[in-house]
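So the structure is just underneath, and the comments pick up after that.
Each chain gets a letter, A, B and so on, in the order its sequence line appears, and its residues count up from 1.
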Amino acid sequence: MQSLPQKLEAACKSLIDAAGVSVPVTRDGETSETAVTVFTGLSQEEKALPSVTIAVLSGQEFPQDSGNFSMNVAVEVRSNADETDLVAHRQFCEDALEPVMQDDTADQLSQQNEDLGVMGISNRQSRERVEDRTWVTDLSFDAYCCGQALA
Amino acid sequence: MAATLKGRGVVWSVGSITMTAGIVSASNADFVQSARSSRTSEKAEIKDDAGTIRAQVFHGFKKTLSLTVIPCSLSGTNTVANAQSSMDAHMPAVGTTITVVDGAGTIIDGNYNLISSTQNRSVDGPATLDLELENGDEGVDLTAAVT
């Protein structure tokens with residue numbers, strides 16, 4: 001079970017990386033499209049903005065002794081409000097979150113790792129807020145999954 | 001010897017349950033929220049003169065299906081008006097034959113008579129429909145008209 005959160009984070013990262021998301025960022029009066037780095041979980045890396053962070057930090061086994069867990073996945077999208085306006089941030093969110101908003105997201109996640117079986121996605125929730133000078137939008141959902149492929 | 005728990009396949013959620021006649025999912029779409037299927041029968045018990053049950057006779061086999069759906073528009077013609085049409089289409093006359101196909105199994109598959117349909121609307125949620133369906137479960141198709 002210890003590796004299940006990391007497998008799920010990596011699978012989500014693969015889907016979002018494949019989307020090749022970029023954001024217009026204005027620095028020193030010049031605007032350029034900046035590729036976004038996707039981070040996973042708890043890390044000591046310095047997370048420059050704009051960024052996407054995927055964290056799977058909690059879950060519950062059900063049924064007992066099955067090894068199946070309902071894991072909560074949080075995908076957080078951050079942009080510096082001094083460099084990216086709100087319209088661009090929201091477009092960034094749409095591009096970054098679209099890969100996990102598909103009707104076959106469970107199947108796509110399973111395909112990213114031969115030792116991951118995602119049986120279903122439920123309870124998607126979204127939230128938008130401002131923290132200091134940062135636009136923050138997150139999408140969370142529950143992934144019912146286990147640490148092996150299910151044919 | 002202890003084994004590491006790595007997970008077991010289960011049937012998750014309602015799967016794919018579609019209707020192909022009576023109410024046709026391809027033209028009036030819905031999100032199935034719950035499905036409850038049962039196989040039942042009447043039962044007669046034969047007792048001896050001491051009151052001990054000696055036999056059970058099962059008769060009147062029946063299959064019932066209860067579905068709760070949220071009617072919606074087709075993805076290609078995505079309008080509220082189409083959702084409203086879908087809602088109406090999910091309330092045909094009682095006795096209509098509804099053909100159900102279950103993508104996750106075979107027990108539910110088949111033709112059913114519509115016993116009742118109940119439309120539910122609330123101020124803070126989508127309209128839902130509760131459908132109660134029945135057919136015989138002993139080789140006699142109760143959806144076939146008697147002539």
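- Residues Leu5(B) and Glu61(A) have side chains in contact (heavy-atom distance under 4.5 Å, counting atoms from C-beta outward).
- Taking chain B as the reference chain and counting heavy-atom pairs below 4.5 Å, the highest number among Gly117(A), Gly67(A), Pro63(A) is found for Gly67(A).
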message: Before you tell me yes or no, could you show the steps for Tyr144(A) and Ser13(B) under side chain to side chain contact (heavy atoms under 4.5 Å, CB included), namely the whole-Å CA-CA distance, both residues' side-chain angles and the distance that decides it to 0.1 Å?
response: CA-CA 10 Å; Tyr144(A) 187 67; Ser13(B) 190; over 6 Å; no
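- A single hydrophobic cluster is not seen to contain both Leu139(A) and Val136(A); linkage of ILVMFWY side chains at heavy-atom distances under 4.5 Å, directly or through other members, places them apart.
- Only the backbone of Ile121(A) has a heavy atom closer than 4.5 Å to any heavy atom of chain B.
- Note on Ile70(B) and Leu133(B): separate hydrophobic clusters, where clusters join Ile, Leu, Val, Met, Phe, Trp and Tyr whose side-chain heavy atoms are under 4.5 Å apart, directly or indirectly.
- Within 6.0 Å of atom CZ in Arg36(B), 12 or fewer heavy atoms from other residues, nucleotides or ligands are found, so the atom counts as exposed in its surroundings.
- Hydrophobic clustering (ILVMFWY, side-chain heavy atoms < 4.5 Å, transitive): Val24(B) and Val100(B) are in distinct clusters.
- Atoms NZ and CG, on Lys6(B) and Asp115(A) in that order, are 6.0 Å from each other to the nearest 0.5 Å.
- Here the OG-CH2 distance, from Ser70(A) to Trp12(B), works out to 5.5 Å after rounding to the nearest 0.5 Å.
- In the displayed structure, Glu33(A) atom CD is contacted under 6.0 Å by more than 12 heavy atoms of other residues, nucleotides or ligands.
- Contacts of Val11(B) with chain A are absent, with no heavy-atom separation under 4.5 Å from either backbone or side chain.
- Hydrophobic cluster membership differs between Val75(A) and Phe39(A), with clusters built from Ile, Leu, Val, Met, Phe, Trp and Tyr side chains linked at under 4.5 angstrom.
- Remark: the backbone N or O of Gly7(B) is not paired with any side-chain donor or acceptor of Asn68(A) at under 3.5 angstrom.
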